[in-house]
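The chains referred to below are lettered A, B, ... by the order of the sequence lines, with proteins before strands, and numbering in each begins at 1.
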Amino acid sequence: MGKKEKGRIQSIRGTRDILPPESDRWLWLEERCRCVLGRFGYSEIRGPLFEHTELFQKGTGEGTDIVLKQMYTFQDRAGRSLTLRPEGTPSVARAVIERGLLKRAKVLKLYYIGPMFRYDRPQAGRYRQFDQLGAELVGVPGVEGDAESVHLHVMLLRELGLSQFTVKVNSVGCSKCRPTYSRLMRERLSDELENLCEDCRERFERNPLRVLDCKVKGCKEVAQGVPPILESLCDECRSQFEEFKARLGLIGLSFQEDPGLVRGLDYYTKAAFEIHHDLLGAQSALGGGGRYDGLIELYGGPPTPAVGFAAGLDRILLSVEKEEVAVPPALPVEVYVASVSQAGREKCFVLASSLREKFRVEVDLLGRSLQAQMKAANSVATRFSVIIGEEELSSGIYTVRDMESGEQEKVPEQDLREYLRRRLGL
RNA sequence: GUGGACGUAGCUCAGUUCGGUAGAGCCCUGGACUGUGGAUCCAGUCGUCGCGGGUUCAAAUCCCGUCGUCCACCCCA
């Protein structure tokens, strides 16, 4: 109907309204996720949706696609440059420092869930406002933290009934060995610049590692000629990567080693991982993360190891559809209170109101005929209907209809709650 | 940011080739059945055919622009 007005206001490109019954699926998703996070000992941190632009420039990285061309950045009325968060980790790191969280505990397990914003070209499973769940484990230097983070991500997916996904792992080295490898790549690539695509020539300057996961044929061939990063890792990183994989094996997680896996953000070190769904198209990354031992120090905090990941809830929900997981319905209607005539309507209204202290109850609000009410009762799939007409009004004994069998019983008002409770198995 | 497909009722879509007064199914509402739903049958509501402009006696249909969605790239969640 809104279409009639010309010049009507539309939702912003890349945003959407999640309507019922779709919104029930989101509630289910979040509830299941919070449950798993609770089992792993994580607590929620709720931060602002926008931050000083500088936070992302410094942390996410000046040269990254996100900072270069995907941020919603604007000036507030005082002329400060602010940015709608494109990812969650920088805010968590900032809060950890600003609120002194590490002074209270050596290990922090924090999760967040909510909207992120990136100015990208929309596609199925990719929106400009999208929902992410992130889990950060702060203060743990060892590979057990890495493995636990992967495990947590996998458990989130399994809890939702998903099984058709693949875990990919790699190591991107530490502050010591990564620069060595970057130098090596530059040396190797400098002779082959003409064989690289335009993007990769730019990557060559900014972050040569990212040439490794370019999909252009020529670049792939060039990349093949470069020894994998694993061969350039320092002894510590190399052994940690082996231990990381061993830990995954210990808890029965299968994974693929992917030397081309290079995360797009500057702050990652050592362990990196991504999880892709096997049945999704190009937008198949369900989540990814890794270790970021330098980030908190970069923001002016104490040197602090940390590992974490972010998962895309939109795509996870797409996977849930793809794998045809049965999402349990929202609370079904338990009782429909119907009136035979106008005379019974008041009583129905009062009865419905009081039954709602215990049951999910529907009652007609439009003054419709009994037949119409029964149709409505049927279409909301109620278990029972209570029918009130002249007889019931004068006797105080109501007619209760079992909507599955069609059988009816007479139940006095004072016994009604107990009767329904019993029949509903509550 | 690049290339391509598509936009018709709340939903799924036909009609566009070759211009001629907007259709179907589902949903919704009412009735057949005036104290009873699910099956069946009958009837009814909803559209300025995404928006704006152009060509034409006449445009859902042809042309241009624009907005949006989808696919691939890019990037990733």
Side-chain angles (χ1 to χ4, degrees), chain A residues 1-16 19 60 64-70 86-89 113-134 153 197-200 202-203 210 213-217 219 261-265 274-277 280-289 309-319 336 338-341 343-344 366 368-393 398-408:
Chain A
M1 218 61 65
K3 282 184 182 174
K4 277 188 186 169
E5 292 98 335
K6 39 181 136 172
R8 70 191 189 277
I9 298 173
Q10 299 179 320
S11 60
I12 293 168
R13 180 170 206 203
T15 68
R16 62 224 199 281
L19 310 168
T60 308
T64 61
D65 276 39
I66 289 180
V67 171
L68 241 32
K69 49 193 186 192
Q70 296 182 342
E87 55 142 347
T89 304
I113 182 165
M116 303 291 160
F117 306 84
R118 289 185 205 172
Y119 193 92
D120 224 355
R121 186 128 172 199
Q123 220 171 300
R126 181 165 79 187
Y127 304 93
R128 290 183 173 182
Q129 178 179 334
F130 59 101
D131 283 88
Q132 247 186 16
L133 178 158
H153 194 151
C197 69
E198 215 172 294
D199 287 335
C200 279
E202 214 184 305
R203 291 185 181 115
R210 301 205 46 75
D213 69 349
C214 184
K215 277 95 189 168
V216 177
K217 220 185 211 169
C219 303
L261 172 59
V262 181
R263 306 239 67 223
L265 312 181
E274 275 180 15
I275 301 186
H276 289 257
H277 197 261
L280 253 37
Q283 311 301 325
S284 71
L286 299 180
F309 66 85
L313 300 185
D314 305 273
R315 288 183 196 169
I316 287 175
L317 224 37
L318 278 183
S319 315
Y336 192 101
S339 65
V340 173
S341 63
L366 298 175
R368 289 182 289 191
S369 69
L370 179 63
Q371 189 186 173
Q373 292 176 64
M374 292 307 288
K375 281 189 180 181
N378 187 61
S379 72
V380 297
T382 185
R383 255 323 298 290
F384 295 100
S385 290
V386 176
I387 297 163
I388 301 179
E390 299 297 337
E391 267 179 58
E392 289 83 356
L393 272 181
Y398 301 147
T399 300
V400 179
R401 182 179 178 89
D402 181 326
M403 296 299 280
E404 278 162 27
S405 65
E407 284 165 13
Q408 300 192 165

Novice: Which is true for Leu286(A) with a 4.0 Å heavy-atom rule: it touches a base, it touches only sugar-phosphate, or it touches nothing?
Specialist: sugar-phosphate

Novice: Using a 4.0 Å heavy-atom cut-off across all strands, classify Asp65(A) as base, sugar-phosphate, or nothing.
Specialist: sugar-phosphate

Novice: Is Gln70(A) touching bases, backbone alone, or none of the nucleic acid, heavy atoms closer than 4.0 Å?
Specialist: sugar-phosphate

Novice: Can you measure from CZ (Phe117(A)) to CD (Glu87(A)) and round to the nearest 0.5 angstrom?
Specialist: 14.0 Å

Novice: Taking atom C1' in both rC49(B) and rU16(B), compute the distance separating them and give it to the nearest angstrom.
Specialist: 11 Å

Novice: Roughly how many Å apart are rC51(B) and rC18(B), using the P atom of each and rounding to a whole number?
Specialist: 25 Å

Novice: Can you check the distance between rG53(B) and rU48(B), where both ends of the measurement are the C1' atom (answer in whole Å)?
Specialist: 16 Å

Novice: Whole Å only: how far is the CD atom of Gln123(A) from the C1' atom of rU69(B)?
Specialist: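 My rounded result for the distance is 11 Å.
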
Novice: Which residue lies toward the 5' end of RNA chain B, Ala124(A) or Gln10(A), if each is placed at its nearest nucleotide?
Specialist: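 Its nearest nucleotide being more 5', the pick is Gln10(A).
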
Novice: Tell me whether the OP1 or OP2 atom of rU29(B) has a side-chain N or O from Arg368(A) closer than 4.0 Å.
Specialist: yes

Novice: Reading nucleotides 36-44 of chain B from the 5' end, what letters show protein touch, with B for base, S for backbone sugar-phosphate only, - for no heavy atom under 4.0 Å?
Specialist: BBB------

Novice: Within this structure, what is the OH-to-C1' distance between Tyr398(A) and rG35(B), rounded to whole angstrom?
Specialist: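 Spelled out: OH on Tyr398(A) to C1' on rG35(B) is 16 Å.
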
Novice: Per the atom types in the model, does the base of rU69(B) pair as donor or acceptor with the side chain of Arg13(A) at under 3.5 Å?
Specialist: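 Absent.
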
Novice: Provide the distance between the two P atoms, one in rC28(B) and one in rG38(B), to the nearest whole Å.
Specialist: 11 Å

Novice: What is the nucleic acid contact for Tyr127(A), judged by heavy atoms within less than 4.0 Å: base, sugar-phosphate only, or nothing?
Specialist: base

Novice: Base, sugar-phosphate, or nothing for Gly344(A), non-hydrogen atoms under 4.0 angstrom?
Specialist: nothing

